[in-house]
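To keep things clear, I will list the structure first and then write my remarks on it.
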Amino acid sequence: MKVAVLGTGYVGLSTGVCLAEIGHEVVCIDVDKRKIDTLKQGKSPIYEPGLEELLVHNSSEGRLAFTTSHQQGLSEAEIIIIAVGTPQSDDGQADLSFLEQAAKDLAGHIVRDCIVVIKSTVPVGTNEYVKQLLLGQLKNNCEIKLVSNPEFLRQGSAIQDTLKADRIIIGSDDEGASEKIQEMYRPLDVPLLLTDVRSAEMIKYASNAFLATKISFINGIANLCEAVGADVEDVAKGMGCDKRIGAAFLKAGIGYGGSCFPKDVKALLHTSRKQGIPFSLLEETIAINDHQQELLVGKALKRFGELKGKKIAMLGLSFKPETDDMREAPSIKIAQSLTAAGARVAAYDPVAASNAREIIGDVITYADSAMEAAKDADALFIVTEWEEFKQLNVAALLDVMKQRIIFDGRNCLDEVLLQASGRIEYYPVGRPAVI
Ligand SMILES: NC(=O)c1ccc[n+]([C@@H]2O[C@H](COP(=O)([O-])OP(=O)(O)OC[C@H]3O[C@@H](n4cnc5c(N)ncnc54)[C@H](O)[C@@H]3O)[C@@H](O)[C@H]2O)c1
């Protein structure tokens, strides 16, 4: 099938590359010329394991192309997938301006009957709204059908998640359009769930809000565990064995971040308020998460009295491991709070330093290794649970620090190993400290 993808971000690019991999002819369109130039050279503008290999392979096989020209990209497309960003507006609702622009761009360049698939995360009712926008501005007399097909991939495993998804949601009020999209995905051999457009739109928000709530729930339990002397890691394990609960997303820590959970929970809350249907659980999910992001700085202040003049080594900047994405990363707030309190911060991240510098700036320094960041530090903060940090030679690291103090925001250092490292103060989340 001939497919066009609008937007070559984490979702659009992963989708485009994977659809080419299963045999479709894909053209990816983006308004960002720098991104398209990079992609044309066979390089991925984002860090995503396995993506660049598929990009190079499918481009060389002639199934994958990139362009900034809508005219060129849309001329033959039977299916057009919209995967532009839907960030958060100031009032918490989803900002649909990129989507509206994408619809206008499409309306001017669609030259044949086609199916427009909205993959971006959008509030209930948006598919209908976009259909009206499109129909109102179409330059050529073509038949357009809309399908809602929200995306569930996780950054850091986007390719695997696309090729081996748990489910694909196809929301459509048109049987023919739904069948065509089912056919497009069939080679993936992933369970397809067919529903109406509004339910498809809601499934995405309900899923993300539920996962975020699960994280905030275990973080609430973690804070209680600290108060009563229990260990949240064992508590989570015990809970997760129960099939009704499940072990995933029960990892206590300094909260969720990224480009999806924070904005999607807020957008769903906005929808509930607009409908006059109270959903205070979501407010609490957000409040617990905000509190969690301040946790390490609070613990450090309690330990040191004040942070003025202290050097803090921060390990991890990206919002989660295996990505260079800094959107809503907890590290941003932590770096800002530490520097506001007069601390000097040296940060290290395996891949996100240059993106972090654009957001946090040069109020902190960026080291080339964990060891370099830790040198002469009064304390070490673990902010992102990169595999590299789990394998750290803690003894060697502690030896170069000024004070042997670790605040582990992700509970990722092995306590047995820590106890073998000689004198140390170790403050995890929701578990007894080692002092
Ligand atoms: N990132 C994730 O993990 C994830 C997972 C599931 C769903 N989503 C949702 O998918 C959507 C996209 O997310 P993302 O993280 O890939 O966004 P992104 O910001 O990484 O990428 C969006 C891309 O769209 C391009 N763009 C903007 N306007 C355009 C236009 N008119 N025409 C063509 N291209 C245009 C931008 O230049 C950018 O490259 C969002 O709605 C998001 O909520 C994201």
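When a ligand or atom number is given, it counts from 1 through the structure's own listing order.
With a 4.0 Å cut-off on non-hydrogen atoms, Ser259 touches ligand 1 through its side chain and not its backbone.
Residue Lys263 places a heavy atom less than 4.0 Å from ligand 1.
The closest non-hydrogen atom to atom 30 (C) of ligand 1, taken over Val122, Val31, Leu6, comes from Val31. Between Ile82, Thr121, Asp30, it is Asp30 that holds the heavy atom closest to atom 37 (O) of ligand 1. Here the shortest heavy-atom distance to atom 2 (C) of ligand 1, taken over Gln155, Arg34, Lys320, belongs to Gln155.
Between the side chains of Asp95 and Ser97, at least one donor N or O lies within less than 3.5 Å of an accepting N or O. Counting only N and O atoms by type, the side chains of Tyr47 and Gln155 include no donor and acceptor under 3.5 Å apart.
In terms of protein heavy-atom proximity, atom 31 (N) of ligand 1 is closest to Asp105 OD2, 3.2 Å. Among all non-hydrogen protein atoms, the one lying nearest atom 26 (N) of ligand 1 is Val84 CG1, 3.8 Å. What sits closest to atom 21 (O) of ligand 1 on the protein, heavy atoms only, is Gly9 CA, 3.1 Å. Nearest to atom 5 (C) of ligand 1 among the protein's heavy atoms is Leu153 O, 3.4 Å. Atom 22 (C) of ligand 1 has Gly85 N, 3.7 Å as its closest protein atom, hydrogens excluded (heavy atom only). The protein atom (non-hydrogen) at minimum distance from atom 6 (C) of ligand 1 is Glu151 O, 3.3 Å.
Residue Lys35 has at least one heavy-atom neighbour below 4.0 Å for each of these atoms of ligand 1: 38 (C), 39 (O). Within the listing of ligand 1, atoms 33 (C), 34 (N) sit less than 4.0 angstrom from a heavy atom of Ile29. Below 4.0 Å from some heavy atom of Phe98 lie the following atoms of ligand 1, by number and element: 27 (C), 28 (N). Heavy-atom contacts of Lys204 reach the following atoms of ligand 1: 6 (C), 7 (C) (cutoff under 4.0 Å). Within ligand 1, counting atoms from 1 as listed, the ones closer than 4.0 Å to a heavy atom of Thr86 are 40 (C), 41 (O), 43 (O). Proximity to Gly7 (heavy-atom distance under 4.0 Å) selects the following atoms of ligand 1: 23 (C), 24 (O), 25 (C), 33 (C), 34 (N). Heavy-atom contacts of Cys260 reach the following atoms of ligand 1: 2 (C), 3 (O), 4 (C), 5 (C), 8 (N), 44 (C) (cutoff under 4.0 Å). Interface of Arg327 with ligand 1, defined as ligand atoms under 4.0 Å from a residue heavy atom, comprises 15 (O), 17 (O), 18 (P), 19 (O), 20 (O).
Salt bridge present: Glu128 and Arg198 bring a charged side-chain N and a carboxylate O closer than 4.0 Å. Taking the charged nitrogens against the carboxylate oxygens, Lys180 and Glu78 do have a contact shorter than 4.0 Å, which makes a salt bridge. Lys299 has a carboxylate O that lies under 4.0 Å from a charged side-chain N of Glu226, or vice versa, which qualifies the two as a salt bridge. In this structure, Arg63 does not pair ionically with Glu25, as no charged nitrogen and carboxylate oxygen lie closer than 4.0 Å. A salt bridge does not link Glu175 to Lys145: none of the charged side-chain nitrogens sits closer than 4.0 Å to a carboxylate oxygen. The existence of a salt bridge linking Glu151 and Lys204 is excluded, since no basic side-chain nitrogen approaches an acidic carboxylate oxygen closer than 4.0 Å.
Side-chain contact between Leu397 and Asn393 is absent, with no heavy atoms from C-beta onward closer than 4.5 Å.
The cationic atom of Arg327 (NZ for Lys, CZ for Arg) does not lie both less than 6.0 Å from the six-membered ring centre of Phe319 and within 45° of the ring axis.
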Q | Asp196 vs Ser199, side-chain hydrogen bond (donor to acceptor under 3.5 Å, both in side chains): CA-CA, chis, key distance, verdict | A | CA-CA 6 Å; Asp196 61 276; Ser199 303; 2.6 Å; yes
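A donor-acceptor distance shorter than 3.5 angstrom exists from the side chain of Asp408 to the backbone of Arg410, with no hydrogens or angles considered. The main-chain N or O of Cys142 is never found under 3.5 Å from a side-chain atom of Asp113 such that the two would form a donor-acceptor pair.
Between Val11 and ligand 1, at least one N/O pair is under 3.5 Å apart. Looking at Gln101 next to ligand 1, no N or O pair under 3.5 Å apart turns up.
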